[in-house]
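Step one of this worksheet: look at the structure below.
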Amino acid sequence: MTGSDGAGVRVAITGMGLVTPVGTGVEAVWESLSRGRSGIGPITQFDTSGYPTQIAGEVRDFDPEQYMDRKTARHVARYCQLGLAAARMAVEDSRLRPSTMDPDAVGVVLSSGAGGMEEIERGHRTLLDRGVSRISPFTAPMMITDIAAGLVAIELQAGGPNYAVVSACASSGHAIADGFEVIRRGDAVAMIAGGAEASLTPLMIGAFCQLSAMSRRNQDPHAASRPFDLGRDGFVMSEGAAVLVLEEMGHAVSRGARIWGEVLGAGASADMYHFTAPDPEGRGAARAMRAALRKAGLGPEDVDYVNAHGTSTQLGDIAETLAIHQVLGERARTVPVSSTKSMTGHLLGAAGAIEAAACVLAMDRGLVPPTINLEDQDPQCDLDYVPNRARPADVRVSLSNSFGFGGHNASLVLGRGPSANAKGA
Amino acid sequence: MSATNPAPTGEPLDFSELQRMAGEILGVDADRVQLDVSFARDLAADSLDLVELIMAIEDRYQVSLPPERLEGMRKVGDLWEFLQEQHGPA
């Protein structure tokens, strides 16, 4: 922990925990991403009769009691269960033991876009059907969006800075950016940072149906998320959680931690354009990417891979393509760009973190995960999107984008760890 | 957090049912729920847990615990006694 301006402080990634529609745990997720497997299927969590969209990326066979006691599992919303599971995995992976450290040393910034949606809906139904006296006393703590961060602090005894950052689909991009800055300014040695989302609920799916934002390819779920393809018809909502352990580099090295990678820079901006539509020219997104590269002290020529926000919406994919052109210039013609949402669907507030993990794994394994379902590329999307098959590549630096409703933009620049298995590393 | 179906009227009270409900809601084995155990000390139940349990009991037995009596619910026996008062003995 050096100076307060962050200069010279490096931030390592020493642990990762993933609970996603394409698998639970780092290796299971990588197996799916590297083989181009979709995690999208019919929604089973409620009756979708009458819904134009009936598909999503669900986390299947999740048993919360593997990660917390029965009573805790009963008293937290599903997004918290997923978030705690991912946080436990990440901290175990890092071999950090927050409970044995100074209470200020390890903090938590764990985001969610929507929080405990199912508890809001359940509580409201109870209120209408049975009156105020029948609302569960746990409804308030279960529904709020910040409580996953509090839960992780209690369960893992991590007493440093603790909160959630909320910026819709950019939430966990911002969470990792914030964790990085907390460590850089010396307020913690390590931060448990990421996102958790479980909002595949009747109201949430219905609300997004009304926005005409989601794919209606109900008969062919695996093909529904198709970023940059002419046949795309919206994003596919998913649930899950992804958590990284960020750690001051000197601390990580001195305890002999495995260093998966490094956060090199982070940038954020606002579109200043519209609640739900992106700036069609991608100017806000471009400013976030530039800011992240500037903080990392890197230029366009240094970027070896871009993990796109790439949600599979008409406007978003084009705007992001334009933004990448603006920022990377000549480099944009050759840099591999892929959207792992083609496989995972859109984890909303957990998307930034699962995609940061995808970048770390791409660098570690020397393999860029593909954009699947890219069969008929939109001529307005003219980058190299690594169609359908993973591609071996020597990736030292990755750029990861996350954009959210409200015009929130977050970009991360991530670097390869010293022990990467990459060819030529 | 599921609503409980009311017990049929006239059905006798069953302590093992209270044990089962308390065990489920408080996250403990049902056989630890005995008349002389303290909710807070022995079953690690905080005030929110107790409110949740009492709501489930109210739904099940169609009774209503006056708020001023909540304070007195320290042991499982206190709750059982209240139920017997309301419902008639087991």
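Letters A, B, ... are given to chains in the order of the sequence lines, protein chains preceding strands, and every chain is numbered from 1.
Taking both residues in full, the closest heavy atoms of B:V51 and A:P137 are given as CG1-CG, 3.7 Å, listed atom of the first, atom of the second, then distance.
With values rounded to the nearest 0.5 angstrom, A:H75 atom NE2 is found 3.5 Å from B:E52 atom CD. One distance of note links OG1 of A:T126 with CE of B:M55; it measures 8.0 Å at 0.5 Å rounding.
Under a cut-off of 6.0 angstrom, the local environment of CZ in A:R97 is sparse, with at most 12 non-hydrogen atoms contributed by other residues, nucleotides or ligands. Around the CD atom of A:Q210, the shell of radius 6.0 Å holds no more than 12 heavy atoms that belong to other residues, nucleotides or ligands. The number of heavy-atom neighbours closer than 6.0 Å to CZ of A:R134, taken from other residues, nucleotides and ligands shown, is above 12.
The closest side-chain heavy-atom distance from B:D59 to A:R130 is below 4.5 Å. At a threshold of 4.5 Å between non-hydrogen side-chain atoms, the residues A:R74 and B:I25 count as touching. Between B:E58 and A:S133 there is no side-chain heavy-atom pair separated by less than 4.5 Å.
No side-chain donor-acceptor contact under 3.5 Å links A:K71 to the backbone of B:D49.
Contact of A:T72 with chain B is not made at all, since no heavy-atom distance falls under 4.5 Å.
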